[in-house]
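Have a look at the structure below before the remarks.
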Protein chains: 2
Amino acid sequence: MKLDNRKAKILEFIIDMYIKSGEPVSSKTISELFQNTISSATIRNEMARLYELGFLEQPHTSAGRVPSQLGYRLYVDQIMKKKSLSEEQTRQIESWFNIRDLDYSSLIKNSGKILSEITSCMTILSSMAFKSLIITKIEIIEVSNMALAVILVTSSGIIKSKVCKVDFDINFETLDYIYRFVNNTFAGKSVEKISKNYINSITTGLDNYQSFFSPIFYNIYEMCESLQTSDFYIDGQINLLLYKELKDVASDIIKIFSNKNTVIDIINDKFINLSDNCGAAVIKFGRELKRAELIDICLIISKYNISNIGTGNILIVGPGRLNYSVLVPWIEYFSKMLSVVLSESLEIK
Amino acid sequence: MKLDNRKAKILEFIIDMYIKSGEPVSSKTISELFQNTISSATIRNEMARLYELGFLEQPHTSAGRVPSQLGYRLYVDQIMKKKSLSEEQTRQIESWFNIRDLDYSSLIKNSGKILSEITSCMTILSSMAFKSLIITKIEIIEVSNMALAVILVTSSGIIKSKVCKVDFDINFETLDYIYRFVNNTFAGKSVEKISKNYINSITTGLDNYQSFFSPIFYNIYEMCESLQTSDFYIDGQINLLLYKELKDVASDIIKIFSNKNTVIDIINDKFINLSDNCGAAVIKFGRELKRAELIDICLIISKYNISNIGTGNILIVGPGRLNYSVLVPWIEYFSKMLSVVLSESLEIK
DNA sequence: ATTAGCACTCAAGTTAGTAGAGTGCTAATT
DNA sequence: AATTAGCACTCTACTAACTTGAGTGCTAAT
């Protein structure tokens, strides 16, 4: 599907114009962009060809042309030149990450907010799902006379803690006994192995001590579970209302992306084929997402990660006409920075 | 401002109808609700009186009547009868709280989602800002050879932990030394006292040990800070688009409530005068909120809390025409349940 | 105090007409 | 063979005039 230079140029102009205005682009406008070196009649002929090839659409007979999703696809894959970020812009992104007071989930939540402002799109950020973590040790400390804090320390330095009510006397001996038993049982194990079944199987072997240990074991299970599941933060929903072409479908789109499981389905679709290396944004258009309600949108997906500890997703949802040449570099740089900042604050080893 | 029975009844009918339909209510409709025992002409006379008194408004000369905010005020304060929840309904709310696997912030986040579904409004839930917490002790554990976990245990059993990178050799002696020093310094103090200034003042006195302790101190400060600040979770923004009377202002409203500081301002307005006892919803209408952009909305505020550990806010944002008699009991029961569940999972002593 | 009756008002829908932006095609030009 | 001027044609968007009907306000009778 190779276009001659002029056709490609015309397609590029049409897409650029349409991204800016949201209005169908006329042959006259394009002719002017060529400084009238090519007449509008010629442009019309070329546009007719591009229409036959499927790269353009026409809202009605006497209207200008609009890019088709195939047109966008060609544009982002072959025609568009990514604008590199100015120093000023990279500095701006970096300055957002200078607020170090944030804990992990606030950082993700805030990143979503900032990205939705930059892109004027809806954003969905998922927190990292950590993989192949090994439990290094479990600390048990006394919180009050009825409660223990259980602290799970993993191979990558990720820790997780939870308070656990107990109904026995806490003293040095019991604490020490619990500490030994819990560490003998769990230390060295992978968090993935700590399933509900596993917890049940070891609890039933305990006989008398069952009620004694079972709340602690259950808390450990919950912590392992939560390390492996990711939260989703959605923001910038109203941005979708900015685009007239989405005004009727915006609320359906928002509903779809508000459902965690649907989002997971979309991300995991084989077709999307996300590369694991963070920062390389993948662009998908409505049809490619195989859902009638998403036909009008564009989805930009990027990842952030820390080497082999885990990855999280960045989703940008907007109309087809996005300023890709500017947005993609922004998003890619943003994901890279997020990875760096998280590496610094989470990865210990 | 006492209305005679019939006027009150007419106002009630008008508000009920308008809540259901969103359309101006005509004298004929009201007459029918009285089974035509009162003619539409009489109703018109009464409506003219109610209009003079400020309880009704008229979109245009030949249209029916619409409640004014003063009308709503009278309705919710004096006329409306709260519908008590059926057993089925209380069971339903309770069943949502049965999912105990959730940690604190997920519980708040999910509560917002559920409430936005029940109410068809936008919801904002704030996490609890804990007050008057005393630091009981601070545990320090080794996470890797370059990192320590610092665990803050407070008087109410609330704990908070953070990983802290250090650049010295961790061994039993250093750990023990740090433990003693940190606990001598912080144990028994109120978290409110641990300000940036306070940290600076004690750090500067340390001379040689300054670089040694300062990352640990800084992490302690951050944890104290975050215990006292609350996060805000907003959900159900699209619900505002369901109401035709809000369609032009919905995105402004969403923007206003997306700003944490503005929300805090609104909640703290003396006029709102929230009672601390959880579960008693306060209803405020547009004018009463003193912001031009909020003129068309209604805000229902409720609190959840745990005796004297802290309180969090539940905000429901919708149009003036909400089904108050049903919604208010729901919201109040929901806040009560949230308080109970949180008490169970957080309050230890 | 209530109500029947009627003139009046206004929003919303319908129809018809107009302007203009843009196309598609043909024939002339390069 | 590619380009272009020229023109008829199409379709949207806008405006103006008209119609309909829901609903009111007021008056006079009950």
Side-chain angles (χ1 to χ4, degrees), chain A residues 2-11 13-18 20-68 71 244-245 247-248, chain B residues 2-11 13-18 20-68 71 244-245 247-248:
Chain A
K2 201 68 189 254
L3 294 183
D4 61 68
N5 265 347
R6 195 170 66 180
K7 283 197 187 60
K9 198 79 195 161
I10 291 171
L11 184 58
F13 276 158
I14 291 176
I15 294 181
D16 283 343
M17 286 303 295
Y18 186 68
K20 280 200 196 93
S21 70
E23 301 291 335
V25 182
S26 76
S27 54
K28 201 172 142 237
T29 312
I30 299 298
S31 171
E32 277 158 15
L33 283 173
F34 280 101
Q35 269 111 27
N36 294 309
T37 53
I38 306 172
S39 80
S40 65
T42 311
I43 302 289
R44 277 200 291 284
N45 289 332
E46 292 285 50
M47 294 203 305
R49 275 297 293 148
L50 286 167
Y51 171 76
E52 282 159 27
L53 292 167
F55 296 121
L56 294 179
E57 276 166 9
Q58 198 171 20
H60 58 84
T61 334
S62 65
R65 294 310 205 294
V66 166
S68 70
K244 43 185 172 304
E245 65 268 42
K247 88 173 194 305
D248 294 330
Chain B
K2 202 69 191 254
L3 293 184
D4 61 69
N5 264 347
R6 194 171 66 182
K7 283 196 188 62
K9 197 79 197 161
I10 291 172
L11 184 57
F13 276 159
I14 291 176
I15 294 182
D16 284 342
M17 286 301 296
Y18 186 68
K20 281 200 196 91
S21 69
E23 298 292 334
V25 183
S26 76
S27 54
K28 200 172 141 238
T29 313
I30 300 299
S31 171
E32 276 159 16
L33 283 173
F34 280 101
Q35 268 112 29
N36 293 310
T37 53
I38 307 173
S39 80
S40 65
T42 310
I43 302 289
R44 276 201 292 284
N45 289 331
E46 292 285 50
M47 293 203 307
R49 276 298 292 149
L50 285 166
Y51 172 76
E52 283 159 26
L53 292 167
F55 297 121
L56 293 179
E57 276 167 8
Q58 198 170 20
H60 59 85
T61 332
S62 65
R65 294 308 207 294
V66 168
S68 70
K244 41 186 173 309
E245 65 269 42
K247 88 174 194 305
D248 294 330

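The sequence lines fix the lettering, A, B, ..., with proteins before strands; numbering per chain opens at 1.
Using a 4.0 Å cut-off, no side-chain N or O of B:Thr61 falls inside it from OP1 or OP2 of D:dT24. For the pair A:Ser40 and C:dT23, the criterion of a side-chain N or O lying under 4.0 Å from OP1 or OP2 is not met. Checking the phosphate oxygens (OP1, OP2) of D:dT3, no side-chain nitrogen or oxygen of A:Ser39 falls inside 4.0 Å.
In this structure, B:Pro59 and B:Arg44 both approach DNA chain C, and ranking their closest nucleotides by distance from the 5' end singles out B:Arg44.
Here the C1' atom of nucleotide D:dC11 and the NE2 atom of A:His60 are 6 Å apart, to the nearest Å. Atom-to-atom, CZ of B:Arg65 to P of C:dC10 comes out at 14 Å; the value is rounded to the nearest Å. Per the geometry, CG belonging to B:Asn36 stands 12 Å off C1' belonging to C:dT3, to the nearest Å. Rounded to a whole Å, the NZ atom of B:Lys244 is 15 Å from the C1' atom of C:dA12. To the nearest angstrom, C1' of D:dA5 lies 16 Å from CD1 of A:Ile38. One atom, CD of A:Gln58, and another, C1' of D:dT12, lie 13 Å apart when rounded to the nearest Å. One atom, NZ of B:Lys28, and another, C1' of C:dT3, lie 16 Å apart when rounded to the nearest Å. Distance A:Phe34 CZ to D:dA2 P: 17 Å, rounded to the nearest Å.
For the pair A:Leu56 and A:Tyr51, the tightest heavy-atom approach, listed with the atom from each and the gap, is O-CD1, 3.3 Å.
With a 4.5 Å cut-off on side-chain heavy atoms, B:Thr42 and B:Ser39 count as touching. When side chains are defined from C-beta on, A:Leu3 counts as touching A:Leu50, because their heavy atoms get closer than 4.5 Å.
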(message) For a side-chain contact (heavy atoms from CB on, under 4.5 Å) check, start with the C-alpha distance between A:Ile38 and A:Glu46, then their side-chain angles and the critical distance, and finish with the verdict.
(response) CA-CA 11 Å; A:Ile38 306 172; A:Glu46 292 285 50; over 6 Å; no
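C:dG13 is paired with D:dC18 under the Watson-Crick or G-U wobble criterion, all donor-acceptor distances under 3.5 Å. Across the strands present, D:dT27 finds its partner in C:dA4; the criterion is a Watson-Crick or G-U wobble pair with both atom distances under 3.5 angstrom.
Using a 4.0 Å heavy-atom cutoff across all strands shown, B:Thr37 reaches sugar-phosphate atoms only and no base atom.
Looking at the side chain of A:Thr42, the nearest of the listed nucleotides D:dT4, C:dT3, C:dG22 is D:dT4.
Remark: the B:Ser62 side chain and the C:dT9 base include a donor-acceptor N/O pair separated by less than 3.5 Å.
Rounding to the nearest 0.5 Å places CZ of A:Arg49 at 14.5 Å from CE of A:Met47.
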